[in-house]
Amino acid sequence: MDALPGWAIPSAQDDAVQEELWLLGQPPLHQYLSYMQDTVIDGRSLPRSALVDEWRRANDYYYELETGEAGIADRIEILDLPSSLEPLADALREDPCYRRAYDVLPTRLAMVELQHLVVAQPHVNLTHANRLREHLSPKPSNDEVFRFCHPIDRPGPNVGVRRIGDTRFSFTSESSDLRFREAILLRADQIAGGVRFGTSAMVVGLVVGFSSNFLTAIQSDNRLVLHNGHHRAFALLAHGVTHAPCIIQTVTRRDELNLIAGSDVQEEPAFYFKSARPPLLKDFLDPRIRKVHRIPCPLQMIDVRFEVQDHQVAD
């Protein structure tokens with residue numbers, strides 16, 4: 001399938017300004033108004049009444065879709081992985097990130113129909129998605145799509161590090177996946193190199209890094225809600241790819257959903273899993289719903305501080 005018209009990859013990008021794609025008409029309205037005022041370039045100069053009218057028209061269109069496409073999310077096509085992808089699937093299952101992230105609920109790999117994935121995230125960074133598309137050939141093979149969705153051997157994005165004080169560090173990246181991962185305790189012999197004062201007993205490590213960001217969906221009954229990999233899924237769909245290998249985690253009750261889902265899905269599970277026509281990935285390609293905004297280049301910052309106290313205690 002050829003790439004969809006109107007989504008050509010730009011030859012160059014302005015690093016200071018990026019484009020972000022929003023789904024209009026999805027509640028809450030106040031979230032969209034705050035985004036326009038606080039994030040969009042020149043957003044404060046736009047009349048709020050015009051923004052509300054624009055959002056209302058899209059919301060009315062979603063009402064039409066609830067009638068014309070009722071139940072469409074329940075008809076998503078889920079296919080077995082082609083046998084040719086099993087070696088790649090086995091390598092993914094052995095990856096430490098996969099084994100740690102997907103060890104709680106029933107999990108499987110399958111080829112899913114991208115356009116009918118339910119989306120809880122109402123926006124994608126179009127600049128980032130276009131950069132991802134630059135790595136795809138015009139008609140990518142199944143192997144290429146699998147590696148695109150599950151890049152276990154891909155180097156991470158660049159990270160800037162700044163030491164602010166003896167007990168404070170700041171980490172920055174253009175990737176929104178940058179986050180504090182965990183605190184770990186290491187033996188001194190597990191740390192190579194470095195100048196130390198005296199003999200080291202133990203080493204406390206504060207780990208900053210990235211999520212696996214594999215293409216992942218949460219299944220309940222016949223629906224799949226996209227959980228991770230929104231930009232990769234959107235880039236593939238805009239590129240003309242109809243199905244992609246996806247990690248599917250199955251939930252059967254609310255407590256299981258609360259273990260893995262994002263806050264939006266946890267707060268309104270019925271909207272995403274039961275409503276007649278929830279927002280779908282294909283909506284990002286519908287000109288009656290989508291809106292492209294210019295925003296300053298976003299920067300994710302993680303500020304890590306720690307505290308040291310020295311005490312004398314009785315034996």
Side-chain angles (χ1 to χ4, degrees), residues 86-109 128 132 146-218 227-232 245-251 255-263 266 298-315:
E86 282 302 328
L88 289 174
D90 289 340
L92 175 62
R93 295 184 188 104
E94 291 301 315
D95 183 77
C97 291
Y98 178 95
R99 296 173 68 177
R100 183 165 184 177
Y102 305 104
D103 64 346
V104 177
L105 297 175
T107 303
R108 72 188 194 279
L109 278 159
H128 178 50
L132 289 173
F146 190 102
R147 297 178 190 277
F148 183 83
C149 294
H150 309 290
I152 59 177
D153 54 359
R154 175 178 58 91
N158 293 330
V159 178
V161 183
R162 181 183 177 191
R163 184 166 189 164
I164 301 176
D166 289 341
T167 59
R168 183 182 175 191
F169 295 84
S170 177
F171 302 83
T172 56
S173 175
E174 288 188 10
S175 172
S176 60
D177 287 327
L178 182 69
R179 63 198 63 187
F180 176 74
R181 302 299 301 171
E182 61 182 338
I184 58 176
L185 188 63
L186 302 171
R187 300 187 310 273
D189 61 7
Q190 291 178 284
I191 303 297
V195 178
R196 301 185 180 90
F197 298 94
T199 302
S200 298
M202 301 295 291
V203 177
V204 176
L206 304 175
V207 182
V208 174
F210 300 92
S211 65
S212 60
N213 205 25
F214 300 142
L215 183 62
T216 309
I218 300 172
H227 179 57
N228 269 332
H230 287 75
H231 289 90
R232 295 178 185 279
C246 181
I247 300 168
I248 300 175
Q249 294 178 283
T250 302
V251 299
D255 285 343
E256 294 175 345
L257 185 68
N258 291 342
L259 286 176
I260 60 173
S263 58
Q266 289 185 37
L299 199 63
Q300 180 83 352
M301 184 176 74
I302 304 295
D303 194 30
V304 177
R305 312 180 192 194
F306 62 94
E307 180 181 2
V308 177
Q309 295 183 354
D310 191 349
H311 301 281
Q312 293 282 339
V313 298
D315 195 1

Quiz prompt | side-chain contact (heavy atoms from CB on, under 4.5 Å) involving Ala89 - partner list, sequence neighbours excluded | solution = Leu81, Glu86, Arg93, Leu109, Phe146
Exercise. Indicate the atoms forming the closest heavy-atom contact of Ile152 with Ala91, along with that distance.
Key: CD1-O, 4.1 Å
Quiz prompt | With sequence neighbours excluded, residues passing salt bridge (Lys or Arg N to Asp or Glu O under 4.0 Å) with Arg181 | solution = none
Quiz item: Residues in side-chain contact (heavy atoms from CB on, under 4.5 Å) with Phe169, at least two apart?
Solution: Arg163, Phe171, Phe306
Quiz item: Heavy atoms, side chains only, cut-off 4.5 Å: are Gln249 and Pro106 in contact?
Solution: no
Quiz item: Are any side-chain N or O atoms of His150 and backbone N or O atoms of Pro245, one a donor and one an acceptor, separated by less than 3.5 Å?
Solution: yes
Practice problem: Not counting sequence neighbours, which residues clear side chain to side chain donor-acceptor pair (under 3.5 Å) with Gln309? List them please. | Solution: Glu307, His311
Quiz item: What heavy-atom pair brings Gly262 and His227 nearest, and what distance separates the two atoms?
Solution: N-CE1, 4.0 Å
Quiz item: Which distance, rounded to the nearest 0.5 Å, do you find between the CD of Gln300 and the OG of Ser173?
Solution: 8.0 Å
Practice problem: Taking all non-hydrogen atoms of both residues into account, name the closest pair between Leu105 and Thr107 and its distance. | Solution: O-OG1, 2.9 Å
Practice problem: Check the pair Asn158, Glu174 against side chain to side chain contact (heavy atoms under 4.5 Å, CB included), reporting the backbone distance first and the verdict last. | Solution: CA-CA 8 Å; Asn158 293 330; Glu174 288 188 10; over 6 Å; no
Exercise. Taking all heavy atoms of Ala217 and all of Cys246, pick out the closest pair and write down the distance.
Key: N-SG, 3.6 Å
Quiz prompt | Closest non-hydrogen atom pair, Gly229 against Leu215 | solution = O-CD1, 3.6 Å
Self-check item: Residue pair Asp166 / Val308, side-chain heavy-atom distance below 4.5 Å
Solution: no
Quiz item: What is the minimum heavy-atom distance between Met301 and Thr172, and which atoms define it?
Solution: CG-CG2, 3.8 Å
Self-check item: Sequence-distant partners of Arg108, side-chain contact (heavy atoms from CB on, under 4.5 Å), two or more places apart
Solution: Ile78, Gln219, Ile248, Thr250
Quiz item: To the nearest 0.5 Å, how far apart are NE2 in His231 and NE2 in His128?
Solution: 5.5 Å
Quiz item: Are side-chain heavy atoms of Asp90 and Leu92 found at a separation under 4.5 Å?
Solution: no
Quiz item: How many angstroms lie between CE in Met202 and CG in Leu185, if you round to the nearest 0.5 Å?
Solution: 3.5 Å
Quiz item: What distance separates Cys149 SG from Asn213 CG, expressed to the nearest 0.5 Å?
Solution: 10.5 Å
Quiz item: Judged by atom type as modelled, is there a donor-acceptor pair below 3.5 Å linking the side chain of Gln266 to the main-chain atoms of Ala261?
Solution: yes
Self-check item: Gap between atom CZ of Phe214 and atom SG of Cys97 - 0.5 Å precision
Solution: 5.5 Å
Quiz item: Do Arg232 and Leu132 come within less than 4.5 Å of each other through their side chains, counting heavy atoms only?
Solution: yes
Quiz item: Is there a side chain to side chain contact (heavy atoms under 4.5 Å, CB included) between Glu182 and Val207 once you walk through the steps?
Solution: CA-CA 5 Å; Glu182 61 182 338; Val207 182; 4.2 Å; yes
Self-check item: All ring-ring contact (aromatic ring centres under 6.0 Å, His included) counterparts of Tyr102, not counting sequence neighbours
Solution: Tyr98
Quiz item: How many angstroms lie between atom CD1 of Ile218 and atom CD of Glu256, to the nearest 0.5 angstrom?
Solution: 11.0 Å
